[in-house]
Amino acid sequence: MCVAVPALVKSIEGSLARVEIGGIVREVSLRLTPEARVGDYVIVHTGYAINVLDQAEGEETLRLFEEIARMADGER
Amino acid sequence: MKFASEFRQGKLAQGLLSKIRGASKRPARFMEFCGGHTVTIFRYGIRQALPETIMMLSGPGCPICVTANADLDKAIALARIPGLIIATFGDAIRVPGSYTSLQVARAEGADVRIVYSTLDALRIAEENPGRKVVFLGIGFETTAPTIAASVLQAKEDGLANYSVLSLHKLCPPVIKALLDSGEVALDGFICPGHVSAITGSKAWEFIARDYGISCVVAGFEPLDVLQSVDMLVAQVERGEPMVEIAYRRGVQPEGNTEALRLMDEVFEPCSAEWRGMGTIPDSGLRLKDDYRRFDAEKVFEIDPGPTREPSGCICGEILQGLKTPHDCPLFGEACTPEEPVGPCMVSSEGSCSTYYRYGGGGIER
């Protein structure tokens with residue numbers, strides 16, 4: 001029910017945006033995320049972008065995972 | 001970054017798992033509140049991969065599953081009003097109420113339409129000006145703002161034939177009720193990522209503060225879930241329960257303030273009935289009086305008649321983490337995804353459906 005997927009904002013017209021989800025383009029409402037801009041990734045739930053994804057935080061999390069994996073490798 | 005496959009890398013999962021195995025000393029019981037997390041945990045075999053010190057329990061975070069029969073009966077009674085169009089998300093249509101389901105009502109002539117979004121429901125209302133369209137508002141805080149936005153849109157567009165049957169539920173009050181019941185002992189919660197995208201992680205602070213239980217907000221990829229378990233283990237080992245976010249790309253402490261504002265404009269909290277848990281104060285949402293003309297309960301006379309519970313079904317106890325689907329005599333026999341008896345077998349995020357689909361993943365510890 002709370003399933004939501006990341007989507008790339010391709011264009012914006014008023015409160016509607018065209019976004020790309022896994023190669024498919026569809027229209028979603030930006031009414032809950034008026035701050036979204038073209039080029040942002042948003043989380044889409046039932047036709048609405050419910051939040052803008054933070055690219056820097058995503059990269060930071062992956063860096064942390066890579067560090068953990070390196071440490072685990074070292075212990076083996 | 002595409003925010004998807006990066007968070008499924010096996011090599012990084014092995015790293016997180018070996019960190020968890022090294023750190024986890026004390027036995028700990030964690031509940032994943034959200035049915036979406038249950039699916040991730042089973043699909044990727046996370047339960048089996050975790051050390052024996054960690055026990056995972058599934059919680060009540062499946063909106064269709066917790067919807068009471070009395071409320072489902074209301075939706076079915078509405079569907080039977082001649083000329084009325086019901087618009088609903090797909091999951092709701094197959095759930096049995098006391099006597100029948102929306103699917104059966106549709107086969108008998110009711111106009112029940114599955115939509116992906118309230119935007120589609122508004123379009124149906126526009127295209128059918130002579131008919132009334134009721135949207136079934138089932139969902140948690142993730143979904144409620146999208147329904148609020150549709151009501152505001154209908155008001156702005158002067159759509160007089162659109163209304164909402166608001167069966168929304170709120171997550172913090174049910175967690176509080178679960179903990180106050182004292183029946184399930186927990187050391188940590190994996191908090192729902194997309195509910196938290198709206199409410200913010202601040203919604204869970206009472207759990208750490210008042211109940212001394214660790215909380216980590218998680219996303220829905222396997223690495224997100226493993227990271228949340230790693231952070232919960234660290235909190236448990238330190239003995240310092242707090243609220244942390246393992247899904248920082250999608251969740252902020254304060255949440256989505258615009259979505260919260262729209263929700264607060266249209267809805268107000270009310271008591272709501274949860275399957276198997278009874279009535280919980282301030283755990284539902286109803287339309288505010290200013291929006292009464294969009295409230296299906298005020299627009300229509302609904303008489304669903306007496307309710308009835310399916311005999312032998314233990315969904316109510318499964319939703320509270322008190323029992324697992326394997327404890328149910330109906331599971332996999334009288335109750336299957338094709339012929340479901342209870343809602344936990346219908347919804348794709350229901351515990352029973354997940355156990356059934358990933359059978360081998362359902363091992364008990």
Side-chain angles (χ1 to χ4, degrees), chain A residues 1-10 14-24 26-36 39-76, chain B residues 1-4 6-7 9 11-19 22 34-36 61-64 89 91 115-120 138-143 145-146 149 152-153 192-195 197-198 220 223-224 226-227 230 246-252 255-256 258-259 262 347-349:
Chain A
M1 246 342 250
C2 295
V3 171
V5 292
L8 174 64
V9 179
K10 306 289 277 187
S15 69
L16 290 175
R18 294 185 77 75
V19 303
E20 191 189 314
I21 305 172
I24 295 161
R26 62 177 310 155
E27 200 173 65
V28 303
S29 170
L30 296 184
R31 190 138 188 174
L32 308 178
T33 54
E35 74 278 20
D40 283 345
Y41 271 88
V42 291
I43 318 177
V44 174
H45 171 67
T46 67
Y48 290 78
I50 60 165
N51 223 350
V52 178
L53 282 159
D54 187 325
Q55 182 102 18
E57 287 286 5
E59 283 164 5
E60 180 58 35
T61 301
L62 282 174
R63 258 199 303 277
L64 175 73
F65 291 164
E66 274 156 18
E67 198 181 305
I68 290 170
R70 264 197 306 277
M71 281 169 61
D73 257 355
E75 284 167 15
R76 268 187 214 129
Chain B
M1 169 163 308
K2 291 192 160 53
F3 295 101
E6 301 95 326
F7 294 91
Q9 298 176 66
K11 185 173 69 79
L12 302 187
Q14 289 306 331
L16 281 161
L17 276 168
S18 84
K19 179 158 183 268
C34 176
C62 163
I64 293 285
F89 296 133
D91 267 9
V115 295
Y116 164 69
S117 168
T118 53
L119 298 171
D120 304 326
I138 295 181
F140 292 146
E141 290 90 336
T142 319
T143 315
T146 75
L152 293 169
Q153 188 75 45
H194 292 142
V195 166
I198 303 294
F220 293 87
L223 294 187
D224 290 322
L226 286 174
Q227 186 190 14
D230 175 46
Y247 187 32
R248 299 179 69 98
R249 63 190 185 282
V251 173
Q252 294 84 36
N256 180 334
E258 179 63 6
L262 297 190
S347 170
S348 53
E349 294 166 8

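Quick note: numbers below take in every heavy atom, side chains included, and nothing from hydrogens, waters or symmetry partners.
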Heavy-atom contact with chain B under 4.5 Å, split by part of [X]:
X: A:I50; answer: both
X: A:F65; answer: both
X: A:T61; answer: side chain
X: A:L64; answer: side chain
X: A:V52; answer: backbone
X: A:E67; answer: neither

Donor-acceptor under 3.5 Å (B:S117 side chain, A:T46 main chain): yes

Return yes if some donor-acceptor pair links the side-chain N/O of A:H45 with the main-chain N/O of A:V3 below 3.5 Å, else return no.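 Between the backbone of A:V3 and the side chain of A:H45 there is a qualifying donor-acceptor contact (under 3.5 Å).
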
Specify which of A:A4, A:A7, A:A69 makes the most heavy-atom pairs with chain B at under 4.5 Å.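 Greatest number of close heavy-atom pairs with chain B: A:A4.
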
Cation-pi check for A:Y41 against B:R249: NZ or CZ below 6.0 Å from the six-membered ring centre and within 45 degrees of the axis, yes or no? no

Mind checking what makes salt bridge (Lys or Arg N to Asp or Glu O under 4.0 Å) contact with B:D120, not counting sequence neighbours?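 With neighbours one apart ignored, the set is B:R123.
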
Just jot down the side chain to side chain donor-acceptor pair (under 3.5 Å) partners of B:E6, sequence neighbours excluded, or say none.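 Side chain to side chain donor-acceptor pair (under 3.5 Å) list for B:E6, sorted by chain: empty.
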
Could you check whether B:H194 and B:F140 have their ring centres less than 6.0 Å apart?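 Ring centroids of B:F140 and B:H194 are no less than 6.0 Å from each other.
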
At a 4.5 Å cut-off on heavy atoms, which part of [X] comes close to chain A: side chain, backbone, both, or neither?
X: B:F220; result: neither
X: B:E141; result: neither
X: B:V115; result: neither

Check ion pair A:E60-A:R63 (N to O, under 4.0 angstrom): yes

Kindly give the heavy-atom pair with the smallest separation between A:E20 and A:K10, and that separation in Å.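 For A:E20 and A:K10, the tightest heavy-atom pair comes out as OE1-NZ, 3.3 Å.
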
Chain A interface, residue from B:I198, B:T146, B:L16, B:N256 that has the most non-hydrogen pairs under 4.5 Å: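 Top count of heavy-atom pairs under 4.5 Å with chain A: B:T146.
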
